[in-house]
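Structure incoming, see below.
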Amino acid sequence: MSKTITPYEKENISKKQQVADMFNNISRKYDFLNRVLSFGIDKIWRRKAIHTLKTLKPQLLLDVATGTGDFALEAIRLLKPRKVVGVDISEGMLAIARDKIADRKLSDCFEVQLGDSERLSFSDGTFDAVTVAFGVRNFENLQQGLDDICRVIRPGGQVVILEFSKPRGFPIKQLYTFYSKNILPQIGKLFSKDSRAYSYLPESIAQFPDGNDFTDLLLNAGFKQVSCKPQTFGICTIYIGIK
């Protein structure tokens, strides 16, 4: 069994708590560094992921690991749902999300709450769809988290997960490996007070069960018609599952 990758490698603190601490530490720089480190491509990935829900037209949407709310806000813009609920374990990230909600006067249709993404506090079949952007990689128990996501989706509903993956083709694989191990952590250290956070990122991506390995986990959770759509040479992947 492979070692669990954690942000700070503190054996006496759970991965869940370490992830919460990490995002609390970097919350003020998170959006800025996302744009810089991805060269702005993350916006395109988010848009494509949300467009997969166009046919379903979800009215009640749950955004798991919502962070600063960017994915949920884009979903509101593109899908016009009646209500979006965002859940995250980092109060620092949620504080940013609440500011965005207030600035855009969206409190009637978007609310966020502190919560455990692996133990969601909602009844079975509550939501038409669940989205997760760059969050499942940080789950302490990945299968448990996917099981619970499936539980809160109504029959016929959909999950859309956007997550980093490992490019496999030459020369993208080699360039990406060099960038993620050498450039990305240095930029993170330059702008963030948490030097470890952007070393954890490539480590967690390297260990994450992407591609077919991840779709197998979605099938195990109870999803059907599961698919994965690699983006930008396989740097990230959109995963879709129907309950």
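Hydrogens, waters and symmetry mates are skipped; everything else that's a heavy atom, side chains included, is used.
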Taking atom CG of N212 as the centre, does the number of heavy atoms from other residues, nucleotides or ligands within less than 6.0 Å exceed 12?
->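 No, CG of N212 has 12 or fewer neighbouring heavy atoms, counting only those of other groups under 6.0 Å.
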Does K243 use its side chain to pair, donor to acceptor, with the backbone of C150 at less than 3.5 Å?
->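 Indeed, once roles are kept as given, a pair shorter than 3.5 Å links the two residues.
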Using a 4.5 Å cut-off on heavy atoms from C-beta on, say whether the side chain of F110 contacts that of D63.
->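 A side-chain contact under 4.5 Å is absent here.
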Nearest heavy-atom neighbours spanning I89 and K16 |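 Smallest heavy-atom distance, with atoms named: CD1-O, 3.3 Å.
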Is any side-chain heavy atom of V226 less than 4.5 Å from a side-chain heavy atom of I240?
-> no
Go through the structure and list residues passing ring-ring contact (aromatic ring centres under 6.0 Å, His included) with F122, not counting sequence neighbours.
->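 Result, ring-ring contact (aromatic ring centres under 6.0 Å, His included) vs F122: F127.
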Do you see a donor-acceptor pair shorter than 3.5 Å between the side chains of D88 and T66?
->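 No.
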Is there a donor-acceptor pair under 3.5 Å between the side chain of R28 and the backbone N or O of I26?
-> no
D128 and R154: CA distance, side-chain angles, deciding distance, salt bridge (charged side-chain N to carboxylate O under 4.0 Å, His left out) verdict | CA-CA 6 Å; D128 299 315; R154 66 165 174 78; 2.7 Å; yes
According to the interplanar angle, ranging from 0 to 90°, do the rings of F164 and W45 count as parallel (below 30°), tilted (30 to 60°) or perpendicular (above 60°)?
-> perpendicular
List the steps and the verdict of side chain to side chain contact (heavy atoms under 4.5 Å, CB included) for I149 and L120.
-> CA-CA 8 Å; I149 285 171; L120 298 166; 4.3 Å; yes
Between D70 and Y30, is any side-chain donor less than 3.5 angstrom from a side-chain acceptor?
->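 There is no such pair (donor and acceptor under 3.5 Å, judged by atom type) between the side chains of D70 and Y30.
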Could you walk me through whether L61 and T131 pass the side chain to side chain contact (heavy atoms under 4.5 Å, CB included) check?
-> CA-CA 8 Å; L61 180 67; T131 58; 3.9 Å; yes
Quick one: are L79 and K54 in side-chain contact, heavy atoms under 4.5 Å?
->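 Yes, side chains in contact.
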Do D21 and Q17 have side-chain N/O donor and acceptor atoms under 3.5 Å apart?
->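 Yes, because at least one side-chain N or O of D21 sits under 3.5 Å from a partner of the opposite role on Q17.
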Flag the pair L162 / Y239 as yes when at least one side-chain heavy-atom distance between them is below 4.5 Å, and no otherwise.
-> no
Check for a donor-acceptor pair, side chain of E203 on one end and backbone N or O of I5 on the other, with a separation under 3.5 Å.
-> no
Would you say the side-chain atoms of E111 pair up with the backbone N or O of V84, donor to acceptor, closer than 3.5 Å?
-> no
D210/R137 ion pair, N-O < 4.0 Å = no
Shortest non-hydrogen contact between L217 and P209, atoms and distance |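 Taking every non-hydrogen atom into account, CD1-CG, 4.0 Å.
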Taking atom OH of Y179 as the centre, report whether more than 12 heavy atoms of other residues, nucleotides or ligands fall under 6.0 Å from it.
-> yes
Side chain K80, main chain R77, donor-acceptor under 3.5 Å | yes
Donor-acceptor side-chain pairing of N182 and Q186 below 3.5 angstrom | no
Between the main-chain N or O of I238 and the side-chain N or O of K48, is there a donor-acceptor pair closer than 3.5 Å?
-> no
Under 3.5 Å, is there a donor-acceptor pair between the side chain of T237 and the main chain of C228?
->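 Looks like no, no N/O pair under 3.5 Å.
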Dump the intermediate steps for side chain to side chain contact (heavy atoms under 4.5 Å, CB included) on C109 and R82, then the final yes or no.
-> CA-CA 6 Å; C109 67; R82 176 171 52 83; over 6 Å; no
Heavy-atom side-chain proximity of L73 to R104 below 4.5 angstrom =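 Yes; the side chains approach each other to less than 4.5 Å.
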For P185 and S180, the nearest pair of non-hydrogen atoms, with its separation, is CD-O, 3.2 Å
Salt bridge flag under 4.0 Å for residues E74 and K43 = no
Does a side-chain N-to-carboxylate-O contact under 4.0 Å join K100 and D31?
-> yes
N/O donor-acceptor pair under 3.5 Å between S90 side chain and M93 backbone = yes
Please examine the side chains of P167 and T177, heavy atoms only from C-beta on, and report whether any two atoms are closer than 4.5 Å.
-> no
With a 6.0 Å cut-off on ring centres, are Y176 and F233 close enough?
-> no
Before accepting this row, confirm whether a basic side-chain N of the pair D42/R46 lies closer than 4.0 Å to the acidic partner's carboxylate O.
->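 Here D42 pairs with R46 in a salt bridge, since their nearest N and O are under 4.0 Å apart.
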Under 4.5 Å between any side-chain heavy atoms of F134 and F71, yes or no?
->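 Counting from C-beta outward, F134 and F71 never come under 4.5 Å.
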Please answer whether the main-chain N or O of Y8 pairs with a side-chain N or O of Q18 as donor and acceptor at a distance below 3.5 Å.
-> yes
Side chains of D99 and I101: does their closest heavy-atom pair fall under 4.5 Å?
->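 Answer no - side chains too far apart.
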